[in-house]
Amino acid sequence: MLLATWNVNSLKARFARVSEWIADVQPDVLMLQETKMTDAAFPAGAFAAAGYESVHFGEGRWNGVAILSRVGLESPRPNFAVGEADFQARVVSATCGGIVVVCVYVPNGRSLDDDHYQYKLRFLAQLRDHVAALADPAGDVVIGGDFNIAPTDADVWDPAALVGQTHVSAPERDALGRIVEWGVRDVVRDAHPEPGLYSWWDYRNGSFHRGWGMRIDLLLASASVAARTTWSAIDRNARKGEQPSDHAPVLMEVAAR
DNA sequence: ATGGTGGCCCGGCCA
């Protein structure tokens, strides 16, 4: 079973590229972030024609998350299962092929002194509680998405350039750590210890070609899924070419139980 | 590295 996550930075702008990528890669489960569309605008029919059930949780201009699956899609759930509903469309969950799939678009944070950064930290705490309410760490769970956090300094091109900024600060890394401690592993990092592995590059300054990237899109799997993960990768080729997203898809292959 | 891009939608926000 091939699972993937991709921040597409507008599904409307990226629909052709996403469709081509799906046809080429044939993922069984695909988590999308930043669809930037309403539920009414979500092209569920086109995905159904390609063999995928889907659930979309959108708001329109910003955010928006979705799960596509061709191995079944049960118990679709927009937003958080515990606490107050988030005011933005940033998390959607479902069970696909026996795996509890949580697709998340974590707030950016903007800057450490911004209210949005405090929102990011609250969001991460609630995400941990959400996952704990929906799933058992002894079961099959994958939390995938754009976390807007580089877990360690090995996940950024130049740690010195980012001191004092979001994505690398200790509080957000700790908040991510509390999700990991609940019972998931960063399967891409487990398989690829080398530095220079990134999933996002700023559109500005030729960052992609200069290698100025960060690994902020993650696939976090429970122990049983991680143990059956046979392959994982970041498809940086998808960051090339005409009208790319600023994020690359991240993939993992899981053997049957 | 503090913005030279790109998405929303059409001036300004967001990443």
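The chains referred to below are lettered A, B, ... by the order of the sequence lines, with proteins before strands, and numbering in each begins at 1.
The CD-P distance, from A:E34 to B:dG7, rounds to 12 Å in whole Å. Residue A:H116 contributes atom NE2, which lies 12 Å from atom C1' of B:dC13 at whole-angstrom precision. Taking atom CZ of A:R204 as the reference point, atom P of B:dC14 lies 14 Å away to the nearest angstrom. In this structure, A:D246 places its CG atom 17 Å from P of B:dG4, rounding to the nearest Å. For the pair A:Y203 OH and B:dC14 P, the interatomic distance rounds to 18 Å; values are reported in whole Å. Separating the CG atom of A:D146 from the P atom of B:dC14 is a distance of 17 Å, rounded to the nearest angstrom. Rounded to whole Å, the distance from CG on A:D114 to C1' on B:dA15 is 13 Å. B:dC8 atom P lies 8 Å from atom CG of A:N9, rounded to whole Å.
The residue A:R14 sits close only to the backbone: its heavy atoms come under 4.0 Å of sugar-phosphate atoms, none of a base. If you check every strand for non-hydrogen atoms under 4.0 Å, A:W157 touches a base. Using a 4.0 Å heavy-atom cutoff across all strands shown, A:N108 reaches sugar-phosphate atoms only and no base atom.
Side-chain N/O atoms of A:Q165 and base N/O atoms of B:dT2 include a donor-acceptor pair closer than 3.5 Å.
For A:Y105, the listed nucleotide lying nearest its side chain is B:dA15; candidates were B:dC8, B:dA15, B:dG6. Closest approach to the A:A13 side chain among B:dA15, B:dG7, B:dG12 is made by B:dG7 (side chain taken as heavy atoms from C-beta onward).
Ion pairing between a basic and an acidic side chain is recognised when a charged N comes within 4.0 Å of a carboxylate O; A:D153 and A:R173 show such pairing.
Taking the C1' atoms as reference points, B:dG11 lies 16 Å from B:dG6, given to the whole Å. Taking atom P on both nucleotides, B:dT5 is separated from B:dC10 by 22 Å, rounded to a whole Å. Between B:dT2 and B:dG7, the distance separating the two P atoms is 24 Å to the nearest Å. Nucleotides B:dC9 and B:dG4, compared at atom P, are 23 Å apart to the nearest Å.
A:V91 and A:I67 end up in different hydrophobic clusters when Ile, Leu, Val, Met, Phe, Trp and Tyr side chains are linked at under 4.5 Å.
Between the side chains of A:S93 and A:H130, at least one donor-acceptor pair of N or O atoms lies under 3.5 Å.
Ring centroids of A:F80 and A:F123 are separated by less than 6.0 Å, placing the two rings close together.
Nearer the 5' end of DNA chain B, as judged by each residue's closest nucleotide, is the contact made by A:D202, out of A:D202 and A:K36.
Look at A:R110 and you'll find a side-chain N or O under 4.0 angstrom from OP1 or OP2 of B:dA15.
Ring orientation note: the planes of A:F208 and A:W201 are nearly perpendicular, at an angle over 60° on the 30°/60° scale.
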